[in-house]
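Report on the following structure.
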2 protein chains.
Amino acid sequence: MPTQTDAGAGRVRRPSVTDVARLAGVSVGTVSNVLNRPDRVAGATRERVLAAIEELGFVRNASARQLRSGEITTIGAVLLDIANPFFTEIARGIEDRLAVDDLTLMLASSDENPDREARYLRLFAEHGVRGLLATPSHGSIDALLAVQDKGIPVVLLDHVSPVPELGSVAVDDVTGAGLAITHLLEQGHRRIAFVNGPMTLRQCVDRRDGVVQTLTEHGLDPAEALVELGVDNLNADAGAAALDDLLDRPGPRPTAVFCVNDLTALGVLRALREHGVPVPEEMAVVGYDDVSFASMLTTPLTSVRQPMHTLGWTAADILLRSGAGEPEQVVFTPELVVRASSDPAPEARPRFGLAATRRGGRIAGWPR
Amino acid sequence: MPTQTDAGAGRVRRPSVTDVARLAGVSVGTVSNVLNRPDRVAGATRERVLAAIEELGFVRNASARQLRSGEITTIGAVLLDIANPFFTEIARGIEDRLAVDDLTLMLASSDENPDREARYLRLFAEHGVRGLLATPSHGSIDALLAVQDKGIPVVLLDHVSPVPELGSVAVDDVTGAGLAITHLLEQGHRRIAFVNGPMTLRQCVDRRDGVVQTLTEHGLDPAEALVELGVDNLNADAGAAALDDLLDRPGPRPTAVFCVNDLTALGVLRALREHGVPVPEEMAVVGYDDVSFASMLTTPLTSVRQPMHTLGWTAADILLRSGAGEPEQVVFTPELVVRASSDPAPEARPRFGLAATRRGGRIAGWPR
DNA sequence: CGCCGGGAGTTTATCGATTCAACGCCGCGC
DNA sequence: GCGCGGCGTTGAATCGATAAACTCCCGGCG
């Protein structure tokens, strides 16, 4: 039989240390000592207090605690989209790091909406979180700097900080796109389509840079070797539409498609299937992110894997160690995972690692 | 040029109402009035105070605020697995409902680990959250009842409450499984495989009940028409292994597979592909959850859709309206989405709705 | 015998915002 | 000329936990 609600007790107020002290026949100071410095209290007294706590169902009031002692156990994180597996994996990494120090994560999703992001920043600031992790949307760096000026350390997620005052953790998307293109060139492809998203997103800009740069390095003229296709949304339908567009075009057809993320690649695969184009024989496909289902498709998708869990873990770690005053800016190198969509006989080849750890100047005005 | 950190200001303490009051030349009471009851303050005074707030970069201290006034703006949610798209969608629904009332969501992931769950429950209780949403793991109902006894309303997510004291929101999995089986029977299948997970999970138990019940209703003997396959993990690899097992068995081969969730269905599809069994011609496949990628597979997957967003939204709504004292227990009916994996010529047919809204007894000991 | 030290526990100031009783002041009405 | 109502503001008490300062008591030592 389950614990039952006190029938009709009509409890209004949660018990406080005062109530516990009264019941145990000691002072509030002693109760506080039992909770925070148990060794300073005589055994018998401690037992009485613990019994009283148990009997009343006393729970510490985190607000009062925090107000008085300044000890804060909460970290805030504002992610672009909580429904995107990329960010969920990051959140997992953050959580795992925070659990080590018995801290809690307050998660929020801005949906790329600056108003929502600003609202969450305000709420987190009011709650006096110990630190803040954020995937900045366009132009919100100033707001984040303002938060840090108020004494709350901030670390950027999936975004290299443009200023030395902010810590950051990111993945080198230029290199990532380069890995994908190099792989396709090695497979013999000489004319490659690139399905890219809006250039207001940093990721799209960087990945395009990597594509163009790599082609040039291999002595190819991007104007000839590259067919660029733009989509507004980074989802599957947009990818399918882009591919329909590509197949309708006159001139020599590319033999490979590189997609800015896995969702668009999914749409491209679907469209190719509908058009009866075999993958990878007549058209190779490479995605980006390596989300969980990329390996589970009927044609497993070659993709550029980002160390999502590590990304979150590291961001939280930098934040927690930021008391030292040196904001770190870390950039990871992505790994190419070759699967059947680009190679009939794929072979696993991890190429993973820390590219660079750059230490910026110390954070001005940091409490010590 | 971005807002810069006050070079070397060495700020230690955040400004308080007292600081604002001093700068504006008024008392703290007036500052508080400006913040909370601006109409009671004369225009000129109000302007001076607002200017002082702006100049100091004053941010309200949520702890002090909450301590004194008891007003709480945070809701806690403990989900089974934050990396599972099913729960992420639920979180989105919760967030959307909370945004209406300007509340914040504190999200945590228990990973089916009772210790982790207990730890989060304690933390949330200490923070004095306004309410708690939780997907209970095995046997944690008592702990949740204890939390509610302490004055924090609780609503169960994806789980019908076994006691009338707790609100709950769930999906009727018996009916959901029934929809899937009925569909397969209508397609002419008379021998069906069922890939199910561990019976310690409520979902697995209920879905099996639905399968058996539906077969019986159609005059079939489950012992003959049903081939049961068990897996330990609800992921793709387990699904693939289960299918390999099935194809090795002697006797008449089933013509359809119903999977307890979409991930296992994904594995089944992959294994069928490897064995050269055409879908749906020689083997139809139906999944459960209708996660986002189910429709994007090269063979789109028929699946039982759960109203995930609505689930979260409704749970939050019940929680917020629970002040009235009547915990609601809502059960939604799932919808079958027919796609190519079970029907060569699928047709969209939404069948969606609220099955039942049952009102339990009033919550004992509720503050009024 | 008087003083010191230290263990055990109590008292009290404090954190920052809120709230409410009280107060000063002004103008209106009798 | 006096009182009264009410607006705008003030000052102090308050929320619950914490920690520093303090009291008390007892044993040991010079």
Side-chain angles (χ1 to χ4, degrees), chain A residues 11-50 52-53 56-73 122-123 125-129 150-151 367, chain B residues 11-50 52-53 56-73 122-123 125-129 150-151 367:
Chain A
R11 175 178 303 162
V12 188
R13 200 175 55 87
R14 294 164 55 189
S16 72
V17 274
T18 314
D19 301 320
V20 174
R22 191 176 318 132
L23 181 59
V26 297
S27 72
V28 290
T30 302
V31 176
S32 176
N33 280 333
V34 169
L35 292 170
N36 303 300
R37 289 166 296 273
D39 46 312
R40 290 200 199 163
V41 180
T45 316
R46 195 189 319 141
E47 293 308 320
R48 279 216 317 286
V49 172
L50 289 176
I53 286 176
L56 293 174
F58 166 78
V59 180
R60 272 141 108 140
N61 181 324
S63 294
R65 193 175 159 68
Q66 178 171 326
L67 175 61
R68 177 61 234 247
S69 69
E71 281 268 316
I72 311 163
T73 59
R122 178 176 59 77
L123 273 168
E126 289 185 0
H127 276 268
V129 292
K150 285 175 185 155
Chain B
R11 175 177 304 161
V12 187
R13 202 176 54 87
R14 293 164 55 188
S16 73
V17 274
T18 314
D19 302 321
V20 173
R22 191 176 318 131
L23 180 60
V26 298
S27 74
V28 290
T30 302
V31 176
S32 177
N33 280 334
V34 169
L35 293 169
N36 302 299
R37 287 167 296 273
D39 46 312
R40 289 200 199 162
V41 180
T45 316
R46 195 189 320 141
E47 293 306 322
R48 278 216 317 286
V49 172
L50 290 176
I53 288 176
L56 292 174
F58 166 77
V59 180
R60 269 142 111 141
N61 181 324
S63 294
R65 188 177 164 68
Q66 178 171 326
L67 174 60
R68 178 60 235 249
S69 68
E71 281 269 317
I72 310 163
T73 60
R122 178 177 58 76
L123 273 168
E126 288 186 0
H127 276 269
V129 292
K150 286 175 183 153

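- Taking only side-chain nitrogens and oxygens, B/Ser69 never comes nearer than 4.0 Å to OP1 or OP2 of C/dT18.
- C/dG16 atom P lies 11 Å from atom CZ of B/Arg22, rounded to whole Å.
- The CZ atom of B/Arg22 sits 13.0 Å away from the OG atom of B/Ser27 when rounded to the nearest 0.5 Å.
- A distance of 5.5 Å separates CG in B/Leu35 from CZ in B/Phe58, rounded to the nearest 0.5 Å.
- To the nearest 0.5 angstrom, B/Arg68 atom CZ is 10.0 Å from B/Ser32 atom OG.
- Between the CD atom of B/Gln66 and the P atom of C/dG16 there is a distance of 16 Å, given to the nearest Å.
- Here A/Thr30 reaches the OP1 or OP2 of C/dT10: one of its side-chain N or O atoms lies under 4.0 Å away.
- When rounded to the nearest whole Å, the span between NE2 of A/His127 and C1' of C/dC15 equals 18 Å.
- In this structure, A/Gln66 CD and A/His127 NE2 are separated by 9.0 Å, a value rounded to the nearest 0.5 Å.
- C/dG7 atom P lies 15 Å from atom CZ of A/Arg46, rounded to whole Å.
- Residue-level contact check: B/Val31 touches neither bases nor backbone, having no heavy atom under 4.0 Å from any strand.
- For the pair B/Ala64 and B/Asp39, nearest-nucleotide mapping onto DNA chain D gives the more 5' position to B/Asp39.
- Taking only side-chain atoms of B/Ala42, from C-beta outward, the nucleotide of D/dT9, C/dT10, C/dT18 with the closest atom is D/dT9.
- If you measure from atom CD1 of B/Ile72 to atom C1' of C/dA17, you get 15 Å, rounded to the nearest angstrom.
- Residue A/Arg37 has a polar side-chain atom (N or O) positioned under 4.0 Å from OP1 or OP2 of D/dA19.
- A/Arg68 has its CZ atom 13 Å from the P atom of D/dA17, to the nearest Å.
- Between B/Asn61 atom CG and D/dA17 atom P the separation is 16 Å, expressed in whole Å.
- No hydrogens or angles were tested; on distance alone, nothing pairs the side chain of B/Arg65 with the base of C/dT18 as donor and acceptor under 3.5 Å.
- Between A/Leu35 and B/Val28, the residue anchored closer to the 5' end of DNA chain D is B/Val28, taking for each the nucleotide with the nearest heavy atom.
- Distance from the side chain of B/Leu67 is smallest for D/dG16 among the nucleotides D/dG16, C/dA17, C/dG9.
- Between B/Asn33 and A/Arg40, the residue anchored nearer the 5' end of DNA chain C, judged by the nucleotide with its closest heavy atom, is A/Arg40.
- For D/dT18, the OP1/OP2 oxygens have a side-chain nitrogen or oxygen of A/Asn36 closer than 4.0 Å.
- We find that CD of A/Glu47 is positioned 15 Å from P of C/dA8, with the value rounded to whole Å.
- At least one side-chain heavy atom of A/Leu23 sits under 4.5 Å from a side-chain heavy atom of A/Leu56.
- Between B/Ala62 and A/Gly29, the residue whose closest nucleotide on DNA chain C is further toward the 5' end is A/Gly29.
- Residue A/Ser16 is classed as a sugar-phosphate contact, given heavy-atom separations below 4.0 Å to backbone atoms only.
- Put simply, CG on B/Asp19 and CD1 on B/Ile53 are 11.5 Å apart, with the number rounded to the nearest 0.5 Å.
- Backbone-only contact: B/Thr45 has heavy atoms under 4.0 Å from sugar-phosphate atoms and none from a base.
- The side chain of B/Ser27 approaches D/dG11 more closely than any other nucleotide in the set C/dT18, D/dG11, D/dG16.
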